[in-house]
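Any value given below was found using the heavy atoms of this structure, including those in side chains, with hydrogens, waters and symmetry copies removed. Lettering of chains follows the sequences in order, A, B, ..., and the numbering in each one begins at 1.
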Amino acid sequence: MSDAGYDHAAVEQRWQAAWDDAGAYRTSDDVDDPTYVLGMYPYPSGKLHMGHVRNYTITDAYARYRRMQGDDVLHPMGWDAFGLPAENAAKERDTNPRDWTFDCIDTMRDQMRAMGFGYDWEREIATCTPEYYQWNQWLFSRFHEEDLVERRDAEVNWCPHCETVLADEQVEGEAELCWRCDTPVEQRELEQWFLKITEYADELLEDIDELEGWPNSVRQMQRNWIGRQYGAEVEFEIGGHGSVTAFTTRLDTIHGATFFALAPDHPISEQAAEEDDDVRHFIEHEADPEGDEPNGVATDLTATNPVTGEEIPVYVADFVLSDVGTGALMAVPGHDERDHAFAEKMGEEIVPVIAPEPEEGEEPEIPDISEEAFTDDGVLVNSGEYDGLDSETARERLTDDIESAEHTTQYQLRDWGISRQRYWGTPIPVVHCHDGCGSVVVPDEELPVELPEFINTTGNPLDAAEEWKQTTCPDCGGDATRETDTMDTFVDSSWYFLRYVSPELDEAPFDLARANDWMPVDQYVGGIEHAVMHLLYSRFFTKVLADHEGLEHREPFTNLLAQGMVQLEGEKMSKSKGNTVSPQRIVEEYGADTARLFMMQAAQPERDFDWSEEGVRSTNAFLTRLKEMVEDFATEQPAGEDDAIARYVANEIDATVAIAGGEYDDLTFNRALRETQDLVRTLRQYAAYTEPHAETYERGLSAVVRLLAPVAPHLAEELYAELDTGEDGDENRTENAFVVDASWPTATVDREYVTKRRQLVENTREDVRDIIDVAGIEDPQAIDVVVAPDWKYDALEIAIESDAPNLIGELMQESHIREQGDAAADYGQDLQAEREALSMTLGPDEEHEALESAAWLLEREFEAPVSVVHADEVDESVLKNAAPGRPAIEIDD
RNA sequence: GCGAGGGUAGCCAAGCGGCCAACGGCGGCGGACUCAAGAUCCGCUCGUGUAGACGUUCGUGGGUUCGAUUCCCUCCCCUCGCACCA
């Protein structure tokens, strides 16, 4: 057996060319409702990395599996082609983003073809083409019509290095670093375009419950991100400044509000700063919202508690954040940890107003809040007429009773600022009229607003494109200036999955009727890093399109798989660490099939796993051996009998097929492939032990080839062509057909039967080994395996079904069991002892058959003849140890 | 702190009420094949045991159950996400 591998390059090129010629992966527009399998489209960086390979091998394998199951499949690919790196690269190389991007796309497309991914390239899209991005602009107009677009001044995250605005989600960590370049982010005030995703906050949140095909972690991350909280707004009068609204989730604690606190940038704080040097000093120099320590300064203002009428001091404090709630809060140090810490620091009063829920009939016991706040709900104390109410009732009552109080809901989700001060993105289709029409959306017939030629400049190239900028107002015809902001690339990716449905359409972003038929995406696969942004924005777009454009789906992705990382020695592969493994090198050295098979078999798709050169080599060796087996078979058909061994192998084929199919359904390729590899081993053992029965052996090889085809498609085609007889389970086969189009192998047995059968064989083999070992038998001469008598199976069945207290009595009602005398009583006692644990085994004939067909394994191992016999062929003394699921074993030494 | 997911034999990792001393892989040990090595194949890999047994194990400590690695609670630890969120 050689380990030199096979000529993977020849095999792979041959079949890639054949698939191309045949248009094997085209999905016709006519199909009704294809299974839509999608991997998150990549940013065309120019190089496929292992993460891509894993991601797209998962979708490819699943798409191929579904197809072999008889589904029509939609499996497209495209390019998230706008974005900052193209601009940076263009500057470095003195080219322009467009050329650079298309070069990268060409390279990556070639690499994908080399991997053998079965995409319908006729549906390829690139978001940086006007044919695509005009629909971003068109959608912007639709959103605008529906009042889902807003332009407003906003404090934005500004990366001085990238010279661009970043979304909150693009700012990372405590240190607030840019997600791309790790530069500390600054704040700037700019006029920005926003999409009002907050209008959909409730639906986006509530529909998460329905997304049962999504991982919990992603669902939870989205819930947190939306961050809905029910509470109340309540007004406090501040002397000289009128009323100020505070948001609280704990209106029940209002009697314990002993001071009031404002964010440093709250309007009243700013007014106070003008009159009060201490406050100004605090705001300008001391406030540190990032710090752990709560800092604050007393003002000479007081606020009136609307329920007690008490005057309480007002602080400006840096732990109060202007973008949380209303930027003003009533502080209840007795029942809020942060307020407690601040009160202690400032020497403010701490009053308990909530006591833990007392036992039935007992009085509430006021908690000790001197050291620590009591933050649970409970019953009210020190709260006048509200004493004794539970927290929840009190919140309702107080909201009703306090004139200024009302229920409100707070969200952490903010509107989506889509403006970017960059060149390489979709121009926001707006012109600013100089004659008073304001900001006017460009009419549909003038779309697309195309990007001008790239200008290499430090700021925004669109700002420097003077000629492009000058235009006329669509409303009044007067002079106007184009908007120079471009869209966040997450706009592009929020609907690209719809474009694949009709990528050439030039009247609309997507063909509505077809999208209604084909959507949603059945299986979406991508990295966990998109858990919030991309996936939330896509859901938002889908809902807007459902509300206003007739899309009949409110969620874009039915099943989501967040694939794990490919690591090297437990560490994430990254360029900066220099521990990457190049897919290209692996493909050259071992071939695409080896790379794909190794990855899919190494771990469950959602788990991280370590790349291992050793593993790759052994995967390659496996494929090489398989190829040799098939070639040997094709060269000279064996002429063995259809004997017990052949039956064992046939059963193993069924077992493998039954198990692997289920695993493919669950996308647990690793298990499906393990079973498949085991079957190959069984076939090898079979061929090594005896002359195989040709039909059985071929059926096994054919099953293996087809089970492997989704993951190692090139070699599978090669071997499928080699096995070109019309074999079992694949009646649809025609001459020269692709394995891509082959039907998935079928098994006539179910998993449960398979498992029982395997268990019986395995247990029996182990028992024989145990006996030989423990008894110290050097050289066994003969092994008898005796299946239990039929009556024991009957007794077992009765025992399982019976709920009579006296099992023995029940059994003895059966005459054929009673006749067994002491043996029946003994076995009855065994059954009684294990009564609750009993389960049905195979029947006596099935057991006999299973053992007889597995006998060769024992003969091979112990080099002794094995006979499997029925109970009636042996002496009674032997039968004592025989039970259903456990034959008696007699070894002669 | 809150939320999600985890902690299983030397390592990785399945199982998620009885068939579990616990699948599989790696590593290690022994054997077959070979002049040899590699590859491949066959076993072993918690302890004791001269016939398939017994004993102790699945983060900790409790509980439920005839029976728990599997269910419930306490605590400890890890990973991820969110977080001075009112």
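- Out of B/G15, B/A51, B/A86, the shortest distance to the side chain of A/I891 is found at B/A51.
- When each of B/C66, B/A51, B/C84 is scored by its nearest atom to the side-chain atoms of A/E836, the top-ranked nucleotide is B/C66.
- Of the P atoms belonging to B/C20 and B/U45, the separation is 15 Å, rounded to the nearest Å.
- Only the C1' atoms considered, B/U69 is 12 Å distant from B/G7, to the nearest whole Å.
- In the set B/C19, B/G18, B/A86, B/A86 carries the atom at the smallest distance from any side-chain atom of A/T249.
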Checking A/E675 against A/T656 for the side chain to side chain donor-acceptor pair (under 3.5 Å) test, could you report, in this order, the C-alpha distance in whole Å, the side-chain angles of both residues, the deciding distance, and whether it holds?
CA-CA 6 Å; A/E675 288 296 329; A/T656 304; 4.5 Å; no
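- Annotation: B/U48 and B/A21 have their C1' atoms spaced 14 Å apart (nearest Å).
- Note: CZ (A/R228) to P (B/A86) measures 15 Å, nearest angstrom.
- A/E863 comes within 4.0 angstrom of no nucleic acid atom, judged by non-hydrogen atoms across all strands.
- Nearest nucleotide to the side chain of A/V324, out of B/C84, B/U40, B/A86: B/A86.
- Nearest nucleotide to the A/E861 side chain, out of B/G43, B/A86, B/G52: B/G43.
- Here the straight-line distance linking atom OG1 of A/T249 with atom CZ of A/R395 works out to 7.5 Å at 0.5 Å rounding.
- Taking side-chain N and O atoms only, A/R765 has a distance below 4.0 Å to OP1 or OP2 of B/G43.
- Distances shorter than 4.0 Å separate some side-chain N or O of A/R681 from OP1 or OP2 on B/G25.
- Counting non-hydrogen atoms under 4.0 angstrom, A/R860 reaches the backbone sugars and phosphates but no base.
- Contacts of A/D339 with the nucleic acid, taken as non-hydrogen atoms under 4.0 Å apart, are absent.
- For B/G5 and B/A53, the C1' atoms lie 40 Å apart once the distance is rounded to whole Å.
- Using a 4.0 Å heavy-atom cutoff across all strands shown, A/R769 reaches sugar-phosphate atoms only and no base atom.
- Across all non-hydrogen atoms, the minimal contact from A/T198 to A/L413 is CG2-O, 3.4 Å.
- Centroid-to-centroid, the aromatic rings of A/F260 and A/Y315 stay 6.0 Å apart or farther.
- Proximity note for A/R674 (side chain, C-beta onward) versus B/A86, B/C23, B/G52: the nearest is B/C23.
- Closest approach of A/G843 and A/E846 over heavy atoms only: N-OE1, 2.7 Å.
- Among the heavy atoms of the strands lying under 4.0 Å from A/L321 is at least one base atom, whether or not backbone atoms are also near.
- In this structure, CG of A/D770 is placed 12 Å from P of B/C54, rounded to the nearest angstrom.
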If you write RNA chain B from 5' to 3' in dot-bracket form, with Watson-Crick or G-U pairs under 3.5 Å, [ ] for crossing pairs and | for pairs with another strand, what do you get?
((((((((.[[[..)..(.....]]]((((((.......))))))(((....)))...[.[[[..)....]]].])))))))....
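- Considering only the side chain of A/P294, B/C84 comes nearest among B/C84, B/G52, B/U40.
- Summary of the strand contacts: A/N224 and A/R250 both lie near RNA chain B, and taking for each the nucleotide with the nearest heavy atom, the more 5' one is attributed to A/N224.
- Regarding A/K627, its NZ atom lies at a distance of 22 Å from the P atom of B/A39, rounded to whole Å.
- If you measure from atom CG of A/L683 to atom P of B/U40, you get 17 Å, rounded to the nearest angstrom.
- Side-chain polar atoms of A/R228 and A/Q412 form no donor-acceptor pair below 3.5 angstrom.
- A straight line from CH2 of A/W214 to C1' of B/A4 spans 16 Å, rounded to a whole angstrom.
- Within the 4.0 angstrom heavy-atom criterion, base atoms lie near A/G325.
- If you check every strand for non-hydrogen atoms under 4.0 Å, A/D318 touches a base.
- With hydrogens and angles left out, the side chain of A/N881 and the base of B/G52 share a donor-acceptor pair within 3.5 Å.
- Taking the centre of each ring, A/Y590 and A/F598 stay at or above the 6.0 Å mark.
- Contact between the side-chain N/O atoms of A/Q604 and the OP1/OP2 oxygens of B/A14 is found at a separation under 4.0 Å.
- Nucleotide B/A14 holds its P atom 13 Å from the CD atom of A/E663, rounded to whole Å.
- Across all strands, A/N295 comes closer than 4.0 Å to no nucleic acid atom at all (heavy-atom distances).
- The phosphate of B/C80 (OP1 or OP2) has no side-chain N or O of A/R607 nearer than 4.0 angstrom.
- The distance from atom CD of A/Q220 to atom CH2 of A/W225, rounded to the nearest 0.5 Å, is 14.5 Å.
- Counting to the nearest Å, the C1' atom of B/U79 and the CE atom of A/M221 are 13 Å from each other.
- Side-chain N/O atoms of A/Q229 include one lying less than 4.0 angstrom from OP1 or OP2 on B/A86.
- Heavy atoms of A/Q759 sit under 4.0 angstrom from at least one base atom.
- At a threshold of 4.0 angstrom between heavy atoms, the contacts of A/E293 include nucleobase atoms, whether or not backbone atoms are also involved.
- Taking 4.0 angstrom as the limit, A/R338 places a side-chain polar atom (N or O) nearer than this to OP1 or OP2 of B/C85.
- Comparing B/U70 with B/G18, their C1' atoms sit 11 Å apart, to the nearest whole Å.
- Of the candidate nucleotides B/C82, B/G52, B/A86, B/A86 has the atom nearest to the side chain of A/F247.
- Comparing B/G55 with B/C19, their P atoms sit 14 Å apart, to the nearest whole Å.
- Judged by distance alone, the side chains of A/R617 and A/T594 never bring a donor and an acceptor atom under 3.5 Å apart.
- Distance CD1 (A/I226) to P (B/G81): 19 Å, rounded to an integer number of Å.
- Side-chain atoms of A/D767 and base atoms of B/G52 include a donor and an acceptor less than 3.5 Å apart.
- For A/Q220, whose side chain is taken as the heavy atoms from C-beta onward, the closest listed nucleotide among B/A86, B/A51, B/A4 is B/A4.
- The residue A/P780 sits apart from the nucleic acid: no heavy atom pair falls under 4.0 Å.
- In this structure, A/R671 reaches the B/G15 phosphate: one of its side-chain N or O atoms is under 4.0 Å from OP1 or OP2.
- Residue contacts shown for A/V768 are absent, as no nucleic acid heavy atom lies under 4.0 Å away.
- Taking the six-membered ring for Trp and thresholds of 30 and 60 degrees, A/W856 and A/Y689 have ring planes inclined between 30 and 60 degrees apart.
- Look at the C1' atom in both B/A13 and B/G81: the space between them is 25 Å, to the nearest Å.
- Between the side chains of A/S243 and A/E235, at least one donor N or O lies within less than 3.5 Å of an accepting N or O.
- Nucleotides B/C16 and B/G59 have their P atoms positioned 16 Å apart, rounded to a whole Å.
- Aromatic ring centres of A/Y686 and A/Y648: separated by at least 6.0 Å.
- In the set B/U50, B/C84, B/A4, B/A4 carries the atom at the smallest distance from any side-chain atom of A/N216.
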